[in-house]
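Order of the sequence lines sets the chain letters (A, B, ...), proteins ahead of strands, with each chain counted from 1.
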There are 2 protein chains.
Amino acid sequence: MENANPTVPQRLKPRKTPIQARSGVTVEAIHEAAIQVLLADGLARLTTTRVAERAGVSVGTLYQYFPNKEALLFAILQRHFEEMAESLERVSLHGRKRPLSDLADSLADAYVAVKIARPEATTALYRVAGAIDQFRLSTGVYKRLQDAVVRALANASDASFNDVERVAFTLLSALAGVSRGTFGKLVSGSEVLDRLRDETRLLSRAYLKAAADARPSV
Amino acid sequence: MENANPTVPQRLKPRKTPIQARSGVTVEAIHEAAIQVLLADGLARLTTTRVAERAGVSVGTLYQYFPNKEALLFAILQRHFEEMAESLERVSLHGRKRPLSDLADSLADAYVAVKIARPEATTALYRVAGAIDQFRLSTGVYKRLQDAVVRALANASDASFNDVERVAFTLLSALAGVSRGTFGKLVSGSEVLDRLRDETRLLSRAYLKAAADARPSV
DNA sequence: TACCTAACTGAAGGATTGTTCAGGTATAGG
DNA sequence: CCTATACCTGAACAATCCTTCAGTTAGGTA
């Protein structure tokens, strides 16, 4: 599983004359089923059969969408990272110059928003992260997150950075850490998530300010 | 594995007339073997047999020291957390008042020092973390880390905090995030680890300062 | 309606794993 | 040397698990 082929989730034999999926089965449905199994039974009991069962299809069908189990897990993580990337890219969408403190808040909010949107899914995903080869994530999707932050930071009206990529990396990692920690102690929907928003804002603003001051330009 | 009994690693039948362990087997040796297997083959291929083999003993012997596989993994994580706790507790050892910026640096250094001490082990441990029930860690050993930071922060000569525990939690989580991220992209002993020290210091100082300013007392 | 074929099924195969336990081994004490 | 016993061994067992594929189902097309 650790050395399997990192194939993209996809129908293996694309139809020439596409028809409706008989049981409404989609990749999304399998994703969802996997997350549910993950939450109910843990990573150790996440089996292809169980996921298929939960999705209302047979194992065979699952293997038509994903070449193997690892590809399924990888796809789930990848989708989450892409959601996160979109959220972060939205920060610098209109490209107007803004104060750094504003940007800091926006970045923190963008990050937290994705995590908070579906707390159960987030919790489940943290379990998968350890099972997947970190490398493949770093080199691939993770770069997009970093680029999004770099582009956002370029819109700061009152600050500039010496090593933007490093700053983006640290900020993302720190946000990830606080988020992971918070969800780790999360029991049920509580006020902990409100704290998360406040703390990440505080953290983001403080760090970015400090990082900018290290090599001021304005 | 997910619901197994969290037993402490220990000789099951303590001898009345202790003899030398025949093959020099200790819990430490098994720990080390597990880390090596983890690095060489990944979490998916970490089997009890393989660990025992690597440690130079038979599976049966391994099961005299650990009741099951999960207990082994848990023990490894626990040991690491205890090292970290000791390191953090050393920050406020002599109990003298110090400037907050000093404390911030010391805390960051204390954290990073443990991670850097044995990079391979750190990398391996991050893989285990996902497989173990997060709850058991939070409620147990993690509390000790947080307490250590709280006690350290109490020694700040020029700042005080509104909600120290929350600050300690956020700081620890952020440090963990940056550390995890750095080790995730770590290929071989490079200058990335130097950056880690700098970035964690910057982050720690900036966040603690901001958190203290939120409710100043001096 | 009849045929084609993409989509789906699920029992079976092959491989691996966690754990046990009956038996072997070496040390301390007499 | 002999016995007791703590310690170690590793083949065997039961339980899963991932993956395959020959056969079935149902939508599209003529």
Side-chain angles (χ1 to χ4, degrees), chain A residues 1-7 9-27 29-30 33-34 37-38 41-75 128 131-132, chain B residues 1-7 9-27 29-30 33-34 37-38 41-75 128 131-132:
Chain A
M1 207 185 89
E2 209 96 6
N3 301 322
N5 206 355
T7 318
Q10 210 175 9
R11 266 201 178 75
L12 294 183
K13 306 169 187 172
R15 326 190 46 138
K16 297 170 187 174
T17 62
I19 66 175
Q20 206 77 356
R22 281 203 222 135
S23 40
V25 173
T26 57
V27 173
I30 299 182
V37 171
L38 220 36
D41 304 337
L43 179 62
R45 293 201 176 148
L46 178 110
T47 71
T48 51
T49 308
R50 232 185 290 266
V51 171
E53 212 170 319
R54 191 107 185 181
V57 299
S58 70
V59 220
T61 300
L62 188 148
Y63 274 86
Q64 277 193 327
Y65 290 86
F66 303 91
N68 51 44
K69 184 184 172 185
E70 196 196 17
L72 166 62
L73 293 180
F74 188 78
V128 191
I132 292 287
Chain B
M1 207 186 87
E2 208 96 7
N3 301 323
N5 205 355
T7 319
Q10 210 176 9
R11 263 200 180 77
L12 294 183
K13 307 170 187 172
R15 325 190 47 139
K16 296 170 187 174
T17 62
I19 65 174
Q20 208 75 358
R22 284 203 218 132
S23 39
V25 173
T26 57
V27 173
I30 298 182
V37 171
L38 221 36
D41 304 337
L43 179 62
R45 295 206 174 143
L46 178 110
T47 71
T48 50
T49 309
R50 230 184 291 266
V51 170
E53 212 170 321
R54 192 106 182 182
V57 298
S58 68
V59 220
T61 300
L62 187 149
Y63 274 86
Q64 276 193 328
Y65 289 86
F66 302 93
N68 52 45
K69 184 184 171 184
E70 195 198 16
L72 167 63
L73 293 180
F74 189 77
V128 190
I132 292 287

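- Summarising the geometry of Leu62(A) relative to Ala52(A), their closest heavy-atom pair is CD1-N, 3.9 Å, with the distance given to 0.1 Å.
- A straight line from CG of Leu73(B) to C1' of dG18(C) spans 12 Å, rounded to a whole angstrom.
- Here Leu38(A) contributes atom CG and Arg50(A) contributes atom CZ; the two are 11.5 Å apart, rounded to the nearest 0.5 Å.
- In this model, the phosphate group of dC8(C) is not approached by any side-chain N or O of Ser58(A) to a distance below 4.0 Å at OP1 or OP2.
- Taking side-chain N and O atoms only, Tyr63(A) has no distance below 4.0 Å to OP1 or OP2 of dC8(C).
- The residue Leu46(A) sits close only to the backbone: its heavy atoms come under 4.0 Å of sugar-phosphate atoms, none of a base.
- As a whole-Å value, the separation of Ile30(A) CD1 from dC8(C) P is 9 Å.
- Put simply, Thr61(A) has no side-chain N or O that comes within less than 4.0 Å of OP1 or OP2 on dA7(C).
- For the pair Glu53(A) CD and dC17(D) P, the computed distance is 11 Å after rounding to whole Å.
- Summarising the geometry, the separation between OH on Tyr65(A) and P on dT9(C) is reported as 10 Å, rounded to the nearest angstrom.
- Here dC18(D) presents its P atom at 10 Å from CG of Leu43(A), a figure rounded to the nearest Å.
- Rounded to a whole Å, the CD atom of Gln64(B) is 13 Å from the C1' atom of dT19(C).
- Contact check, Arg50(A) against dT16(D): no side-chain N or O comes under 4.0 Å of OP1 or OP2.
- Between Asp41(A) atom CG and Leu46(A) atom CG the span is 8.5 Å, to the nearest 0.5 Å.
- To the nearest angstrom, P of dT16(D) lies 15 Å from NZ of Lys69(B).
- Across the interface with DNA chain D, nearest-nucleotide mapping of Val59(B) and Thr49(A) shows Val59(B) to be the residue nearer the 5′ end.
- Residue contacts for Thr48(B): at a heavy-atom cut-off of 4.0 Å it reaches a base atom on one of the strands shown.
- Note: CG (Asn68(A)) to C1' (dC17(D)) measures 13 Å, nearest angstrom.
- Between atom CZ of residue Arg54(A) and atom OG1 of residue Thr49(A) there is a gap of 14.5 Å, rounded to the nearest 0.5 Å.
- Among the heavy atoms of the strands, none lies under 4.0 Å from Leu62(A).
- Taking the side chain as every heavy atom from C-beta outward, Leu72(A) and Tyr65(A) never approach each other to under 4.5 Å.
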